[in-house]
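The structure appears below as structure tokens.
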2 protein chains.
Amino acid sequence: MTEIQNNWPTGIKRTKQRESVLSILEEAEKPLSAMDICSKMGKSGDTAWLSTVYRILELFLKKGIVLKTNIMNSDMAVYELNRFKHKHYAVCINCHKILTMDNCPMEKFIPKLEDEDFYVMGHNLEIFGFCKDCKSH
Amino acid sequence: MTEIQNNWPTGIKRTKQRESVLSILEEAEKPLSAMDICSKMGKSGDTAWLSTVYRILELFLKKGIVLKTNIMNSDMAVYELNRFKHKHYAVCINCHKILTMDNCPMEKFIPKLEDEDFYVMGHNLEIFGFCKDCKSH
DNA sequence: ATGTAAATGCATATTATTCGCATCTTGTCT
DNA sequence: AGACAAGATGCGAATAATATGCATTTACAT
């Protein structure tokens, strides 16, 4: 029995599919697309229709449980658990490898914005370029 | 005769449609979607098929003339002229108003990343929250 | 245990974006 | 200037991600 199953978010009906999506996101080390999640579910025995996964992700998004991003403006959104700590990614233009950045350059910047008539709820930052392996073309 | 028409980018065949897309982007104060551009073309007399606009934007993107972004993970990409100076946006969650940020918090941060086996080509930063008018719900 | 509101399975719709191909333009070479 | 080749556009149709509708099933409060 995982921690998730003990701390089920309040106000959300508990179903096999939702538990499964949540634990897949828990274990993921990088953001996953709806289809990624769907196929991972297939492997672990539980299955869910793709549209159901979308509906679950939409719910989780509204509840603030997951974050949705469009990495490198690809045509597919990816989702990750909202761990309530900053995490940003550096994406390699060539091999699409995703590196995680540990510190956030925004921390000192955001408060300044607050003075300027904008109440900041969050931000996305994406760095793109070439990773170590792809540096030399 | 506008400045654009005098400084046409090299290596790109000059057509009515391309000139039109470029001057619409020149005059735009915020990023535009392909459809936005298409309808603006209709108004100014020139017209172009939507697929043509997409093809033009794709070309401009490859040539580094425009930047493509997905604001607030909407399902529609928006394009803006690459003015070769940093510009980031703060997007209001409620009314989707877009505020332009003049300074970039990344400037001091990026060189640090360079040391860490990643060659940075560029970045996207998006701040979301509530603007002045929407602050009080 | 039962009833009800809500979730899922499944198929089908929607929407942004891309592709194919015939026709038309642009820029080049003479 | 005229003609040609490379490439651009018009237009329609294809693709792919995501959303929706509805009948059936499930979770949970009573």
Side-chain angles (χ1 to χ4, degrees), chain A residues 4-24 31-42 44-63 65-80 96, chain B residues 4-24 31-42 44-63 65-80 96:
Chain A
I4 295 167
Q5 289 171 323
N6 292 323
N7 299 353
W8 189 256
T10 56
I12 293 187
K13 212 181 244 186
R14 190 171 180 153
T15 69
K16 243 193 275 294
Q17 294 85 344
R18 287 172 181 184
E19 282 181 349
S20 179
V21 168
L22 198 47
S23 77
I24 285 170
L32 301 175
S33 70
M35 220 173 336
D36 290 340
I37 293 169
C38 203
S39 35
K40 274 176 194 287
M41 285 179 77
S44 68
D46 303 316
T47 66
W49 221 245
L50 185 55
S51 55
T52 301
V53 173
Y54 274 111
R55 273 188 285 225
I56 292 172
L57 290 170
E58 192 189 358
L59 172 75
F60 285 0
L61 191 62
K62 268 187 199 148
K63 296 287 181 178
I65 295 168
V66 304
L67 302 174
K68 179 183 181 186
T69 335
N70 255 64
I71 286 188
M72 278 307 288
N73 301 315
S74 91
D75 51 359
M76 215 160 61
V78 290
Y79 300 81
E80 66 186 306
H96 296 117
Chain B
I4 295 167
Q5 289 171 323
N6 291 322
N7 300 353
W8 189 256
T10 56
I12 293 186
K13 212 181 242 185
R14 190 170 181 154
T15 69
K16 243 193 275 295
Q17 294 85 343
R18 287 172 181 184
E19 283 181 348
S20 180
V21 168
L22 198 48
S23 77
I24 285 169
L32 301 174
S33 71
M35 219 172 337
D36 290 340
I37 293 170
C38 204
S39 35
K40 275 176 193 285
M41 285 180 78
S44 68
D46 301 316
T47 65
W49 219 245
L50 185 54
S51 54
T52 300
V53 173
Y54 273 111
R55 273 188 285 224
I56 291 172
L57 289 170
E58 191 190 358
L59 172 74
F60 285 0
L61 192 62
K62 267 187 201 149
K63 295 289 180 176
I65 296 169
V66 303
L67 301 174
K68 179 183 181 185
T69 334
N70 256 63
I71 285 189
M72 276 308 287
N73 301 314
S74 91
D75 51 359
M76 216 159 61
V78 289
Y79 300 82
E80 66 186 307
H96 296 116

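Here is how names work: the chains are called A, B, and so on, in the same order as the sequence lines, proteins then strands, and each is numbered from 1.
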Notebook entry, point to check: For A/Arg14 and C/dT8, what is the distance between atoms CZ and C1' respectively, to the nearest whole Å?
Noted result: 18 Å

Check: In whole angstrom, what separates A/Leu50's CG from C/dT12's C1'?
Finding: 14 Å

Margin query: Which residue is it: B/Val21, B/Leu57, B/Ile37, B/Val66? I am looking for the one with a side-chain contact (heavy atoms from CB on, under 4.5 Å) to B/Leu32.
Written below: B/Ile37

Margin query: I need the CD-P distance between B/Glu58 and C/dT17, as an integer number of Å.
Written below: 12 Å

Item checked: From C/dT17, C/dG9, D/dA8, nucleotide with atom closest to B/Met76 side chain -> C/dT17

Checklist line | Minimal non-hydrogen separation, B/Ser33 against B/Val78, with atom names | finding: N-CG1, 3.9 Å

Notebook entry, point to check: How many Å lie between CD1 on B/Ile56 and C1' on C/dT26, as a whole number?
Noted result: 14 Å

Checklist line | Residue B/Trp49, side-chain atoms from C-beta onward, closest of D/dC11, C/dG9, D/dA17 | finding: D/dC11

Next item on the list: In whole angstrom, give the distance that lies between atom OH of B/Tyr54 and atom C1' of D/dA16.
Entry: 13 Å

Next item on the list: Could you work out which one of D/dA19, D/dA8, C/dT17 sits closest to the side chain of B/Arg18?
Entry: D/dA8

Checklist line | B/Met35 CE to C/dT18 P, straight-line distance once rounded to whole Å | finding: 13 Å

Check: Which heavy atom in A/Ala34 sits nearest to a heavy atom in A/Val53, and how many Å separate them?
Finding: O-CG1, 3.7 Å

Item checked: Donor/acceptor link under 3.5 angstrom from B/Arg55 side chain onto base of D/dG10 -> yes

Next item on the list: Would you mind classifying the nucleic acid contact of B/Ala34 as base, sugar-phosphate or nothing, using non-hydrogen atoms under 4.0 angstrom?
Entry: nothing

Check: Is A/Ser51 touching bases, backbone alone, or none of the nucleic acid, heavy atoms closer than 4.0 Å?
Finding: base

Next item on the list: For B/Lys16 and D/dA8, give me the distance from atom NZ to atom C1', rounded to whole Å.
Entry: 13 Å

Next item on the list: Starting from P on C/dC19, measure out to CG on B/Leu57 and report it in whole angstrom.
Entry: 15 Å

